[in-house]
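This report concerns only the one structure given below.
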Amino acid sequence: MSRVQFPTSIASRPVYGTLAPRPGKAHLMMADAEGAGALLDLASQDAGLMARAHILYIPRATGEAFAAGLRALNPAQLYIGPSFDAALPRLRRVLSDAHMGLQVYLAGTEGLMGRAAAEVAAAGIPYGAVQTEHRGSLARRMQCVHCKGITEDVTTDPFVCSHCGLNLFVRDHYSRRLAAFQGVCIDAEDPGNVPEPVELYK
Amino acid sequence: MTIQFNDETFRGDYSFRNSPWAIKRFPFPFHEDSYMYSVNMEQHRGGPAGSVFEKRFDVDEHYVSEMRDRALVLAEDPLRCQSLPHMTLAGWDLLELIMVSKSEDYPDLFELHRDGDRWRWVNKPLGIDDTFTFMDETTLPYGPLEYITRQTQGDFAVLDQRDDNLWMDAGMVTTQADWSLDFDIGMNFFEWHAPVPLAHELGIFKRALKFLMNVQQGAPARRLNWTMTVNPLLDTSPENYHKWGIQKTELTAENIGAKQHLRVELQTFYRLPRSNALVFPIRCYLIAFQDLVTVPKWGRRLHRVIRDLPEELATYKGFIANRPLMIDYLSRHDDGLPTSPGVWADLETEPPLQK
C-alpha cells in the first residue's frame, strides 16, 4: 500500500489522517485511484457502514483494479465515473440533500480530496465532519498566481503553467477555497534561469 | 492645514516624491537599533499633531495619486477587491466608519450629511458628491467596501470572527507587500500567515490573534510593519511579480539612494458595530533611502537594523540579494554615535552626521 509521510510544513498546508468509522446517519465516501484502498480498509473495520454509504469513485489510471472490491462491499449507492468534473454534478446533488449527522470520508490524491472538501464546505458542512486519507500519487493541484489558471497533477518543481506557460515553483501555501497550492514565477529576477525540474519530495 | 496633493505616479516613470513635510512625518518603524518580530500593538488613539498617527485614517499629499493608481490596478484585475457573500454588512460598517471619521477629522476635505438612511457624501479632493441609501447596495456604483476603499488610502482586509479565529473573508488589496487576496480569501489567521518564517515558532501569531479577537468597538489598535521595495511601486503583488521582480536586479551603488525605498505599513484594527467583523487597514508609506538619511538618527539606525537582521527575515522580505548594496550605502550614514530611544526623528536633539 502506498502510504506517504509528508514532511512537516507550514500552517496552511493540509494534513491527512487515516479514515476511521464514525457513527452517522449517512456516509458519503469519495475516492480516486489508490484511494479505493482506504475505503476497503475502512469497510473492513465496520462493514455496517456500507448499508448507509454512498461511494463516488474515480479509478483514473488504476482502471478496474479496485472496482470489483468496491462492488463487493455492497454500498447503498456506488458511482464509478471517468473524472472528478464528471462526478461533480452528482456530488453537489448528494450534498444538497445532506442532513445533520452526515459523515464524509475522502481518500486518494490531494487534488481529489481538496476539491471534494471545498464542495463539502460550500454546502455548509463543517470541516470537523470530514476525514481524509492520502493514498497514491504525490501530484499536486497548483494555481498559477499570475494567470489564475489551475494545473492539475503537478509532480515536479518547478513546472510549466499549463495556461500561461510561465515557469513556476511549487509553494506549500494552500487555499482550501481553491483546493490548490500556489505556483509563483521562478525566474522573475533572472529570466531564463530555470533550474532542472525535480520530482516532488525526492 | 490644507494639503497640497501631488500629481505623481507609482509605476512607469515613478514620479512619486515625498515633500520635506512627508519626510519629517514618515512613520519610521524601528524604536531601537535592532529588529525582531514582536506583538507590537498599541492603542490607536491619535498621536502627535501632524504625525501619521494623529487621525483615524491619515490623508496625505499622495492621496489623489494613490487613488488613481488603485483604479488602474482594479481595471487590470478586478479580483483585487473581493467580498464573500456574508461580508456585505461589514462593508457597510466600514463605509460608515470611514465616512464618519474622515468628515470629522478633515471637515475641509470631506462632508457627510445624514438624513435617516439618506446619506450625502462629498469628497472634495476626488470630486465626488453622491447621495445614496445606507444599506441599499443598488444606490451605489460599487459594493460598499469597494466604493469607500476606492476613496481611502491603504489596503483593507475585513475579517470575520467565528470559531475562535479570524477569517479573511473580504478585502481591497492593491498596495500589498507581495501577498494575494484572491489566494488568501477565506483563510483563517494562521493559514494566511503560514508563509511567514520564525514568527509562528515565537508564538507571535497566537498572541496576536488573542489580542485582535478582543479589540472592542471604539478602541482601535495599531502596529507598524515594514519591508523593502525597489522603486516607489505600490502594487508589489504576487500577481504581477513576473513583471516587477526584475526591478530588484536594477539596483546599483549609484542609483540606490533614489531607487531603494523603505516600505512601512501602518496597520490599524477596528471592531465594526453591526457585523462584529474586524477591519484591518494596511496603509503603505514609502520613503527613498536618500530622503530617509536626511534624518541623522534614522540613517544611523537603519544601517544597524539592516546589517544585523537575521538572514531568514531578509530572505522573506525579499532583499537578501541587495542587502550588501544597502549596507554599503547606509554605512556611509552611520558614524557609530548612539541613537535616542523611540521612533521619532528628534531633529533638534540628535547630532548631525559626524562624517
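A note on names: the letters A, B, ... follow the listed sequences, proteins ahead of strands, and every chain is numbered from 1. The model shown is predicted, which means the values in this text are computed figures rather than measured ones.
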Can you list the donor-acceptor atom pairs spanning chain B and chain A that come in under 3.5 angstrom?
from: Asp182(B); atom 1: O; to: Arg177(A); atom 2: NH2; distance (Å): 2.6
from: Asp182(B); atom 1: OD2; to: Lys148(A); atom 2: NZ; distance (Å): 3.1
from: Asp184(B); atom 1: OD1; to: His173(A); atom 2: NE2; distance (Å): 3.0
from: Ile185(B); atom 1: O; to: Arg177(A); atom 2: NE; distance (Å): 3.4
from: Glu191(B); atom 1: OE2; to: Arg176(A); atom 2: NE; distance (Å): 3.0
from: Glu191(B); atom 1: OE2; to: Arg176(A); atom 2: NH2; distance (Å): 2.8
from: Pro238(B); atom 1: O; to: His146(A); atom 2: ND1; distance (Å): 3.0
from: Glu239(B); atom 1: O; to: His146(A); atom 2: ND1; distance (Å): 3.0
from: Glu239(B); atom 1: OE2; to: Lys148(A); atom 2: NZ; distance (Å): 2.6
from: Tyr241(B); atom 1: OH; to: Glu189(A); atom 2: OE2; distance (Å): 2.7
from: His242(B); atom 1: ND1; to: His146(A); atom 2: ND1; distance (Å): 3.1
from: Lys248(B); atom 1: NZ; to: Glu189(A); atom 2: OE2; distance (Å): 3.0

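Although no hydrogens or angles enter the test, the distance criterion places a donor-acceptor pair under 3.5 Å between the side chain of Arg207(B) and the main chain of Leu202(B). Side-chain N or O atoms of Arg263(B) include one that pairs as donor or acceptor with a backbone N or O of Leu233(B) at under 3.5 Å.
Proximity to chain B (any heavy atom under 4.5 Å) is shown, for Val145(A), by both the backbone and the side chain. Proximity to chain A (any heavy atom under 4.5 Å) is restricted, for Leu79(B), to the side chain, taken from C-beta onward.
Ala199(B) meets the side-chain contact (heavy atoms from CB on, under 4.5 Å) test with Tyr37(B), Val196(B), Ile204(B), Phe205(B); sequence neighbours excluded.
Interface remark: of the candidates Gly186(B), Pro197(B), Gly245(B), Gly245(B) forms the most heavy-atom pairs closer than 4.5 Å to chain A.
Put simply, CG on Leu234(B) and CZ on Phe10(B) are 4.5 Å apart, with the number rounded to the nearest 0.5 Å. In this structure, CG on Leu19(A) lies 8.0 Å from CG on Leu106(A), to the nearest 0.5 angstrom. For the atom pair Asp69(B) CG and Leu74(B) CG, the distance stands at 10.0 Å (nearest 0.5 Å).
Ring orientation note: the planes of Trp226(B) and Tyr35(B) are nearly perpendicular, at an angle over 60° on the 30°/60° scale.
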